[in-house]
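Please read the structure below before turning to the comments.
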Number of protein chains: 2
Amino acid sequence: MADINVSAKIAAPGVAERPAGSAASAAGGPEPIWDIIELLFFAYRDFVGDPDEVLSKLGFGRAHHRVLHFVNRNPGMKVADLLDILNITKQSLGRVLKQLVDQGYVLQKEGAQDRRQRLLYATPKGEALSLKLAHLQTQRITRAFGELGPAAHEAARRFLTAMIDTDNREGVLRLIARADRMAKPEPK
Amino acid sequence: MADINVSAKIAAPGVAERPAGSAASAAGGPEPIWDIIELLFFAYRDFVGDPDEVLSKLGFGRAHHRVLHFVNRNPGMKVADLLDILNITKQSLGRVLKQLVDQGYVLQKEGAQDRRQRLLYATPKGEALSLKLAHLQTQRITRAFGELGPAAHEAARRFLTAMIDTDNREGVLRLIARADRMAKPEPK
DNA sequence: ACATTTATGTCAGCCATATTGACATATTTT
DNA sequence: AAAATATGTCAATATGGCTGACATAAATGT
């Protein structure tokens, strides 16, 4: 991880400083909430950084992580569901998914009612990797909550939920709730 | 934005549900904190989605946004500082930075003390774009805080800060704090 | 029964953003 | 004078997005 040591000489004598009433507040409306904007950037960067290290050793990237994660959490999901969640094209998904299938992390099974569908399941190998990555992220979250006290989990959940597009929010919450109830995959 | 409408048939009748003490807690250590892991994914996706739309119309991408953001927030920063923050190589930065310079969003000035340095500044045009993008993100944050009550800002700040790598955290907080001082310089 | 729509896959090519390695130039430091 | 530093650049490569076009099988509607 990069160390953020911007040299103190940035605000060196002679270097232009902004005039008193900054351009933002004077001209362009409400003051940006800089701290949250930047903290989100850094927090997310570190949050995905842990899994990225593990994945790169396997020749995988963040795209594989996302696919494997949602497949593992929602056994039997359709390809189309995954496309909606990830918000990418089927061509993009196809490449990544094929690698996961070929290497035995994900398997596809013909739908029982609708035989056009290729329902997706994580194999034991895939589940193990998914859980390993989730565990890394959970360690970070647990450490953060440990620093913050018992109300932190609920507060974080509420904040993050409120940051989601309002028209998507219900769907996301349903997705999470159902995945929590979801069975272990039984591709029979 | 994609609508998350995973077909309800995933949890089809007859599909087993996870027994109370789930497989993960039985087998593989502590239970992953799925809700925060997934909410972070969706919240961040929407958070960067707003600027992405504006940027794509200008032929820019997320990389340009990051560069412009930090340059605007830290006028006079060195190229090396930017590389540390963004955690990319100078070759990757070079291409993006060149476009921003060529199109008049960023300018480079020779360092006064060290003439090897190319100190980076946002032009008025660059500042305007940066603020426009920050405004979009601020609208989302403001809406979220509005739903959550007055303590939400402090809670979010504490949560996001705690999620950052411990050895990076101080540097990040210093960076944010100094940028805030640059925006509203105290009468010296 | 036939036509249409749906779910998925695939081929081919393009673009954006990242990488590594090697090398160049100017400037500061030793 | 030599070494280290700050930056830039060339060349090649990889990943993960994209669009467009087309193929197949199965479900659905008339």
Side-chain angles (χ1 to χ4, degrees), chain A residues 2 5-7 9-10 12 45 48-49 51-53 55-68 71 76-102 106-120, chain B residues 2 5-7 9-10 45 48-49 51-53 55-68 71 76-103 106-120:
Chain A
N5 289 319
V6 178
S7 87
K9 295 187 206 96
I10 281 185
R45 193 189 65 171
V48 296
D52 280 354
E53 281 182 49
L55 289 159
S56 69
K57 289 174 191 159
L58 297 169
F60 290 151
R62 212 169 286 174
H64 301 85
H65 185 193
R66 293 195 288 261
V67 171
L68 181 59
V71 168
M77 76 187 313
K78 295 185 299 177
V79 170
D81 295 334
L82 202 43
L83 292 177
D84 274 348
I85 290 175
L86 300 180
N87 213 7
I88 58 176
T89 60
K90 63 180 172 178
Q91 295 91 330
S92 299
L93 174 62
R95 201 179 12 199
V96 171
L97 185 56
K98 190 172 189 306
Q99 291 175 279
L100 288 170
V101 170
D102 288 349
V106 170
L107 65 84
Q108 292 173 290
K109 217 183 119 53
E110 196 171 73
Q113 304 96 359
D114 188 333
R115 283 164 46 215
R116 292 171 303 181
Q117 298 172 350
R118 298 297 139 85
L119 306 184
L120 302 171
Chain B
N5 288 319
V6 178
S7 86
K9 294 185 206 96
I10 282 185
R45 194 189 64 171
V48 296
D52 280 355
E53 280 182 50
L55 289 159
S56 69
K57 288 174 193 161
L58 297 169
F60 291 152
R62 210 169 288 175
H64 303 86
H65 186 193
R66 292 195 290 260
V67 170
L68 181 59
V71 168
M77 76 186 311
K78 294 185 299 179
V79 170
D81 296 333
L82 202 43
L83 292 177
D84 275 349
I85 290 175
L86 300 180
N87 212 9
I88 58 175
T89 59
K90 63 180 171 178
Q91 294 89 332
S92 297
L93 174 61
R95 179 179 32 84
V96 170
L97 186 54
K98 189 171 189 308
Q99 291 175 278
L100 288 170
V101 170
D102 287 350
Q103 298 182 42
V106 170
L107 63 85
Q108 293 174 289
K109 272 178 58 126
E110 197 172 71
Q113 302 94 4
D114 187 335
R115 283 162 46 215
R116 291 170 303 181
Q117 297 173 349
R118 297 299 139 84
L119 305 186
L120 302 172

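Chain letters run A, B, ... following the sequence lines, proteins first, then strands; residues in each count from 1.
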Classify the side chain of B:Arg116 and the base of D:dT5 as holding, or not holding, a donor-acceptor pair under 3.5 Å.
-> yes
Starting from P on D:dT24, measure out to CZ on A:Arg118 and report it in whole angstrom.
-> 14 Å
B:Ser92 side chain near C:dT17 phosphate (N/O to OP1/OP2, under 4.0 Å) | no
Nucleotide D:dT15, atom C1' - distance to NZ of A:Lys98 in whole Å | 17 Å
How long is the span from the NE2 atom in B:His65 to the CG atom in B:Leu55, to the nearest 0.5 Å?
-> 6.0 Å
Can you find a heavy atom in the side chain of B:Met77 that is under 4.5 Å from one in the side chain of B:Ile85?
-> yes
Quick one: does A:Leu119's side chain get under 4.5 Å of A:Gln108's, heavy atoms only?
-> no
May I ask you to verify if any side-chain N or O of B:Arg115 is less than 4.0 angstrom from the OP1 or OP2 atom of C:dT27?
-> yes
Nearest whole angstrom, please: distance from the C1' of C:dA16 to the NZ of B:Lys57.
-> 19 Å
So which one's nearest nucleotide on DNA chain D is more toward 5', A:Val96 or A:Lys90?
-> A:Val96
Roughly how many Å is it from CD in B:Gln99 to P in C:dC15, rounded to a whole number?
-> 13 Å
Please give, in whole Å, the distance from C:dA26 P to B:Gln117 CD?
-> 17 Å
Any donor-acceptor pair under 3.5 Å linking the side chain of B:Asn87 with the backbone of B:Asp84?
-> no
Side-chain donor-acceptor pairs of residues 92-101 of chain A under 3.5 Å, sequence neighbours excluded:
residue: A:Ser92; atom: OG; partner: A:Thr89; partner atom: OG1; Å: 3.1
residue: A:Lys98; atom: NZ; partner: A:Asp102; partner atom: OD2; Å: 3.1
residue: A:Gln99; atom: OE1; partner: A:His64; partner atom: NE2; Å: 3.0

A:Asp114 side-chain proximity, nearest of D:dT7, C:dA18, C:dA7 | C:dA7
Using the closest heavy atom to pick a nucleotide of DNA chain C for each, name whichever of B:Gly59 or A:Gln108 lands nearer the 5' end.
-> A:Gln108
For B:Gln91 and C:dA22, what is the distance between atoms CD and P respectively, to the nearest whole Å?
-> 12 Å
Please evaluate the base of D:dG17 for a donor-acceptor partner in the side chain of A:Arg95 within a cut-off of under 3.5 Å?
-> yes
Separation of atom CG in A:Leu83 from atom C1' in C:dT10, rounded to whole Å = 14 Å
Return the 5'-most residue of the pair A:Gly61, A:Ala112 with respect to DNA chain D, ranking by each residue's nearest nucleotide.
-> A:Gly61
Which whole-number value in Å describes the distance from A:Asp52 CG to D:dG16 C1'?
-> 13 Å
